[in-house]
Amino acid sequence: MDLRFVPLDLTRIDQLRLEAVFLPFFEDERPLRGAAGLLDWRLCGALSQLLQSERCRGVEGELTMLLGRSRLPFEKVLLVGEGPWERFGPETAARVAARVLEAAKGLRLKGFACALPGRSRATVRASDATRWFVDAAAGTSFDEVVVLDEPEAHRAMLPIMEAERRRARAAREGGD
C-alpha cells in the first residue's frame, strides 16, 4: 500500500484522482472538523444538512455514502461514524479503520483518500493515528491511500508512512 499525505488544502485535494474519500467523525462533534469540515464547506454544508436531518449521526460503525458532486474530485463521499469522543481510544481507532478498509474493499477500490480516525480532534496525535491505521491495514492490497490532514501533522506521520512504503515495496519485490 502506497500511503501518502496531502494537506487540508482545497487546491491540493482538487488534484487528487481517486474514486472515494472516507471522512470519520464523532457522534458528538458539531460542527464537523478537520477534513470532514473542510469538504462540508466545499459542499455548501451538504454534510451538515445530512447530520441535522439525523439521516447520519456518527454512531460507531455507521457508514453513509453520498454520491460525489462536481465540487469535489471524488465520486463517493463516505461518512464514517466514530461514536462519542469520550470513548475514543486505540481500540475504537482500530475498529473504525477496519470499517473504512472493509468498505473500500467492498467497493473494489484500488485507492482512496481518507482522514484518519480520531484526527478531527487535535488531541489525537498524528503519529498514533497513523500507526493505528497502518496496523489495521496490514495485509490489505490497496494501491494507494492518501491521508488528508493538517500540514503540521505530516512531520509526525512521515516516518510511519515511509516505513509502510518500504514494507510494501519489499512485499512486492518478494512476490515477483
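Hydrogens, waters and symmetry mates play no part in the numbers below; they use all other heavy atoms, side chains included.
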* Asked: Can M65 be reached from F25 by stepping across I, L, V, M, F, W or Y side chains whose heavy atoms are under 4.5 Å apart?
  -> no

* Would you call K105 and E102 a salt bridge, taking side-chain N to carboxylate O under 4.0 Å as the test? -> no

* To do: Go through the steps to decide whether C56 and E62 satisfy the test side-chain contact (heavy atoms from CB on, under 4.5 Å), and finish with yes or no.
  => CA-CA 8 Å; C56 179; E62 179 181 56; 3.8 Å; yes

* Asked: What are the two closest heavy atoms between W132 and A93, and how far apart are they?
  -> CE3-CB, 3.3 Å

* Separation of T130 OG1 from H154 NE2 (nearest 0.5 Å) -> 9.5 Å

* Check against side-chain hydrogen bond (donor to acceptor under 3.5 Å, both in side chains), R121 and T123 -> CA-CA 5 Å; R121 296 282 185 117; T123 54; 5.8 Å; no

* **Any V134 side-chain heavy atom under 4.5 Å of R131 side chain** => no

* Charged N to carboxylate O below 4.0 Å: is that the case for R57 and E27? -> no

* **D14 bridged to R71 by N-O distance under 4.0 Å** => no

* To do: Check A98 against A136 and note the closest heavy-atom contact, atom names and distance.
  => N-CB, 4.4 Å

* L109 with L63, same ILVMFWY side-chain cluster at under 4.5 Å -> yes

* Which residue, D40, L79, L43, forms the side chain to side chain contact (heavy atoms under 4.5 Å, CB included) with L50? -> L79

* Asked: Counting distance only, does the side-chain N/O of D28 pair as donor-acceptor with the main-chain N or O of P84 below 3.5 Å?
  -> no

* To do: Provide the closest heavy-atom pair for V124 versus P117 in the form atom of the first, atom of the second, distance.
  => CG1-O, 4.5 Å

* Heavy-atom pair of closest approach, residues L8 and G34 -> CD1-C, 3.8 Å

* D143/K110 ion pair, N-O < 4.0 Å -> no

* To do: Using a strict 4.0 Å threshold on nitrogen-to-oxygen distance, state whether D9 and R12 make a salt bridge.
  => no

* Structure fact -> Here the gap from E150 atom CD to M157 atom CE, rounded to the nearest 0.5 Å, amounts to 10.0 Å

* Please examine the side chains of L116 and P24, heavy atoms only from C-beta on, and report whether any two atoms are closer than 4.5 Å. => no

* To do: Locate the shortest heavy-atom distance separating F74 from A113; write the atom from each residue and the value.
  => CE2-CB, 3.8 Å

* With rounding to the nearest 0.5 Å, note down the distance linking CZ in F22 to CZ in F112. => 6.0 Å

* Non-neighbouring partners of D2 that pass side chain to side chain donor-acceptor pair (under 3.5 Å), sequence neighbours left out -> R165

* **A20 to L78 - nearest heavy-atom pair and separation** => CB-CD1, 3.9 Å

* V146 and C114: CA distance, side-chain angles, deciding distance, side-chain contact (heavy atoms from CB on, under 4.5 Å) verdict -> CA-CA 6 Å; V146 176; C114 70; over 6 Å; no

* Does any non-hydrogen side-chain atom of T64 lie less than 4.5 Å from one of V80? -> no

* For residues V6 and V147, determine if any side-chain heavy atom of one lies less than 4.5 Å from a side-chain heavy atom of the other. => no

* When rounded to the nearest 0.5 angstrom, what distance separates CG in L32 from CG in L38? -> 11.0 Å

* Asked: Are a donor atom and an acceptor atom from the side chains of T92 and E82 found within less than 3.5 Å of each other?
  -> no

* Can L39 be reached from L18 by stepping across I, L, V, M, F, W or Y side chains whose heavy atoms are under 4.5 Å apart? -> yes

* State whether the number of non-hydrogen atoms from other residues, nucleotides or ligands found under 6.0 Å of R125 atom CZ is greater than 12. => no

* To do: Decide yes or no for L47 and L23: does some side-chain heavy atom of the first lie under 4.5 Å from some side-chain heavy atom of the second?
  => yes

* Asked: Under 4.5 Å between side-chain heavy atoms, hopping through other hydrophobics if needed: is there a path connecting L66 to W41?
  -> yes

* To do: Could you tell me whether the side chain of V21 reaches within less than 4.5 Å of the side chain of K76, counting heavy atoms only?
  => no

* Transitively linked via ILVMFWY side-chain contacts under 4.5 Å: L148 with L158? -> no

* Check whether any side-chain heavy atom of E29 lies under 4.5 Å from a side-chain heavy atom of S120, and answer yes or no. => yes

* Side-chain contact test, heavy atoms from C-beta onward, threshold under 4.5 Å: evaluate it for F5 versus D149 and give yes or no. => yes

* **Over 12 foreign heavy atoms within 6.0 Å of CZ, R17** => yes

* **Neighbour count above 12 (heavy atom, 6.0 Å) for E86 CD** => yes

* To do: May I have the step-by-step check of side-chain contact (heavy atoms from CB on, under 4.5 Å) for L67 and E75, ending in yes or no?
  => CA-CA 6 Å; L67 295 179; E75 292 176 29; over 6 Å; no

* Atom CE of M1 and atom CZ of F133: how far apart are they, to the nearest 0.5 Å? -> 5.5 Å

* To do: With rounding to the nearest 0.5 Å, note down the distance linking CZ in F26 to CZ in R87.
  => 12.5 Å

